[in-house]
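Heads up: the structure comes next, in structure tokens.
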Amino acid sequence: MKAYSQGVAIIGSGAAVPSQTLTNEELSKIVDTSDDWITSRTGIQTRNLANETESLSQIAAQAAEQALTMAGITAAEVDLIILATSTPDDLFGSACQIQNLIGAKKAVAFDVTAACSGFIFGLITASQFIRTGVYQNILVIGGDILSRWVDWGDRTTCILFGDGAGAVVLQAQTDRDNLLGFEMCSDGTQNGCLNLGFDGKNQYLNSELAVTKGSYQPITMNGKEVYRFAVAKVPEIIEKALYRANLSTDDIDWLLLHQANQRILDAVAKRLKIPPEKVLANLNKYGNTSAASIPIALDEAVREGKIKAGDIIAASGFGAGLTWGAAVFRWK
Ligand code: COA
């Protein structure tokens, strides 16, 4: 294979959420909480939840099709599909189901798992395939249906999450590279802060030999630790990505953070001295949609006409792992 250098441009976006909504008011009839508590501690007001007729592959395919339309390319032109998710419909991966649904016949498709950092990690992974000249058109999708794995009796976690999917199209360019800088980090020593772990028991196949049978258990989280981690690490990694891009915070048009909690968004922006009007936020409407939150917020801001061609966006995802990452890019 010929190895040559190409630049990356992000040329289309899309988003989709399931049709059911759950407001804080309705949630307060399910667990002991209140609209006032959730709004003041998180900024979340409502979220969308998938029922059994809706799959991750379906909403991800909807988001992908919108992104392709905006990019002005067909599914047949897609070389690679990366699905960032922690909640595939199939534990073997859901990217190939999406490939089939959208008819991206020539694309190779696989899943990436990095929780709420998944979209940023997927975007950076995809850009490597473009920069090395291997692929021309790549779909990066972030999607999650965390409602399947939330304990709906645990008020400390169930109030936070919502379901959805967002997608972008990356395209190879010969005259520019709009991925200006990036950085990724992991800290496995803090793995116990946020988990969706498998729990199983021995099933004996004969008197000596056992296999483990069980299932994944609902999300557990040390909210305070995760909060502290996000507020400390996210500003730091954005500064590193900016440094790699040879830019400063003043050059940023938009701060696009994983939509976990309005207080985290505010604290990170304050530390970076970025004014509130440059901070993209829509978590009041969707809650924390994990790998989907960044592309959903990006797509919304693009379609509302806030983000314009040439704008510089500093995006950062953070979450279970623990993992965190940042990408500074120019739109279109
Ligand atoms: N409704 C009402 N009260 C609640 C509640 C709820 N949904 N959840 C917790 N409480 C109570 C607690 O029991 C506690 O009561 P106590 O003081 O009588 O013990 C009180 O509210 C304060 O709880 P605390 O856990 O200290 O709240 P907090 O200010 O830390 O906010 C989070 C909790 C989860 C909102 C916050 O820690 C957070 O956002 N963390 C980051 C989580 C995150 O973003 N995770 C995903 C990352 S990808």
Side-chain angles (χ1 to χ4, degrees), residues 22-47 84-87 112-122 142-147 149-164 166 184-188 190-197 218-235 237-238 256-269 279 281-284 286-297 315-326:
L22 176 68
T23 64
N24 291 348
E25 206 58 56
E26 289 161 330
L27 194 46
S28 68
K29 296 188 182 101
I30 300 168
V31 284
D32 181 15
T33 189
S34 65
D35 176 39
D36 186 47
W37 194 95
I38 303 171
T39 307
S40 61
R41 303 274 174 143
T42 70
I44 298 164
Q45 291 170 335
T46 182
R47 68 286 286 146
T85 188
S86 306
T87 55
V112 160
T113 304
C116 303
S117 307
F119 177 76
I120 294 291
F121 283 19
D144 269 305
I145 299 187
L146 278 180
S147 65
W149 300 106
V150 161
D151 175 354
W152 287 97
D154 175 7
R155 67 176 184 172
T156 66
T157 53
C158 76
I159 56 147
L160 297 173
F161 300 105
D163 304 332
M184 299 191 282
C185 284
S186 301
D187 180 5
Q190 294 209 73
N191 183 255
C193 287
L194 186 48
N195 299 95
L196 205 179
I219 294 169
T220 56
M221 179 183 72
N222 181 335
K224 280 198 190 318
E225 272 310 312
V226 173
Y227 187 95
R228 262 195 290 270
F229 143 75
V231 171
K233 296 296 184 187
V234 173
I237 202 163
I238 289 173
L256 174 55
L257 301 182
H258 166 48
Q259 304 283 300
N261 183 322
Q262 188 62 46
R263 283 158 60 213
I264 295 178
L265 268 57
D266 295 343
V268 170
V279 182
N282 65 359
L283 62 90
N284 61 320
Y286 302 111
N288 176 346
T289 56
S290 194
S293 86
I294 292 174
I296 291 176
S316 177
F318 52 90
L322 295 177
T323 54
W324 62 111

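First listed ligand is number 1; within each ligand, the first listed atom is number 1.
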* **For atom 7 (N) of ligand 1, the protein heavy atom that lies nearest, with its residue and separation** => Arg155 O, 2.9 Å

* Structure fact -> Note: Asn288, heavy atoms under 4.0 Å from ligand 1, region reported as side chain

* Asked: Does Thr33, backbone or side chain, put an N or O under 3.5 Å from an N or O of ligand 1?
  -> yes

* To do: Could you check atom 42 (C) of ligand 1 against the protein and tell me its nearest heavy-atom contact, residue, atom and distance included?
  => Met221 SD, 3.6 Å

* Check each heavy atom of Thr42 against ligand 1 and say whether those closer than 4.0 Å belong to the side chain, the backbone, both or neither. => side chain

* Could you tell me whether Ile159 approaches ligand 1 through its side chain, its backbone, both or neither, with non-hydrogen atoms closer than 4.0 Å? => side chain

* Worked check of side-chain hydrogen bond (donor to acceptor under 3.5 Å, both in side chains) between Asp36 and Ser34 -> CA-CA 5 Å; Asp36 186 47; Ser34 65; 5.2 Å; no

* Asked: Tell me, which protein residue and heavy-atom name are nearest atom 38 (C) of ligand 1, and how many Å apart are they?
  -> Asn261 ND2, 3.7 Å

* **Within-cutoff protein neighbour (heavy atom, under 4.0 Å) for atom 27 (O) of ligand 1** => yes

* To do: Output yes when a side-chain donor or acceptor of Arg263 lies under 3.5 Å from a complementary backbone atom of Thr42, and no otherwise.
  => no

* **Short N-O contact, Arg228 and Glu225, less than 4.0 angstrom** => yes

* Asked: Of the protein's non-hydrogen atoms, which lies at the shortest distance from atom 25 (O) of ligand 1, and what is that distance?
  -> Lys224 NZ, 4.1 Å

* Main-chain N/O of Val150 paired to Asp154 side chain as donor or acceptor, under 3.5 Å -> no

* Asked: When the aromatic ring centroids of Trp324 and Phe229 are compared, is their separation below 6.0 Å?
  -> yes

* Asked: Has Ile38 got any heavy atom lying under 4.0 angstrom from an atom of ligand 1?
  -> no

* Begin with the C-alpha distance, continue with both residues' side-chain angles, and end with the deciding distance and a verdict on side-chain contact (heavy atoms from CB on, under 4.5 Å) for Leu160 and Met221. => CA-CA 11 Å; Leu160 297 173; Met221 179 183 72; 3.4 Å; yes

* Structure fact -> For His258, the ligand 1 atoms with a heavy-atom partner under 4.0 Å come out as 48 (S)

* Structure fact -> shortest atom 47 (C) of ligand 1-to-protein heavy-atom contact is with Val226 CG1, 3.6 Å

* Asked: Which atoms of ligand 1 sit under 4.0 Å from any heavy atom of Arg263?
  -> 29 (O)

* Closest approach of any protein heavy atom to atom 29 (O) of ligand 1, naming residue and atom -> Arg41 NH1, 2.8 Å

* **Atoms of ligand 1 close to Phe318 [distance to a heavy atom under 4.0 angstrom, numbered from 1]** => 48 (S)

* Structure fact -> ligand 1 atoms nearer than 4.0 angstrom to some heavy atom of Ala260 are 44 (O)

* To do: Test Leu322 against Cys193 for side-chain contact (heavy atoms from CB on, under 4.5 Å), laying out the working first.
  => CA-CA 8 Å; Leu322 295 177; Cys193 287; 4.3 Å; yes

* Asked: Are there protein heavy-atom neighbours of atom 14 (C) of ligand 1 below 4.0 Å?
  -> no

* Considering only non-hydrogen protein atoms, determine which one is nearest to atom 40 (N) of ligand 1 and report residue, atom name and distance to 0.1 Å. => Gly223 O, 2.9 Å

* Exercise: do Asn24 and Arg47 side chains pair donor with acceptor under 3.5 Å -> yes

* Is there a side-chain contact between Leu257 and Val268 (heavy atoms, below 4.5 Å)? -> yes

* **Contacts of Tyr286 that satisfy ring pair (Phe, Tyr, Trp, His ring centres under 6.0 Å) - sequence neighbours left out** => none

* To do: State whether any protein heavy atom lies less than 4.0 Å from atom 19 (O) of ligand 1.
  => no

* To do: Mind listing the closest non-hydrogen atom pair of Leu265 and Ala281 along with its distance?
  => CD2-CB, 3.7 Å

* Are Asp163 and Ser147 close enough, and set up right, to give a side-chain hydrogen bond (donor to acceptor under 3.5 Å, both in side chains), and what steps lead you there? -> CA-CA 7 Å; Asp163 304 332; Ser147 65; 2.6 Å; yes

* To do: Any atoms of ligand 1 less than 4.0 Å from a non-hydrogen atom of Cys116? List them with their elements.
  => 48 (S)

* Looking at atom 10 (N) of ligand 1, what's its closest protein heavy atom, distance included? -> Trp37 CZ2, 3.4 Å

* Asked: Are Thr323 and Phe318 side-chain neighbours, meaning at least one heavy-atom pair lies under 4.5 Å?
  -> no

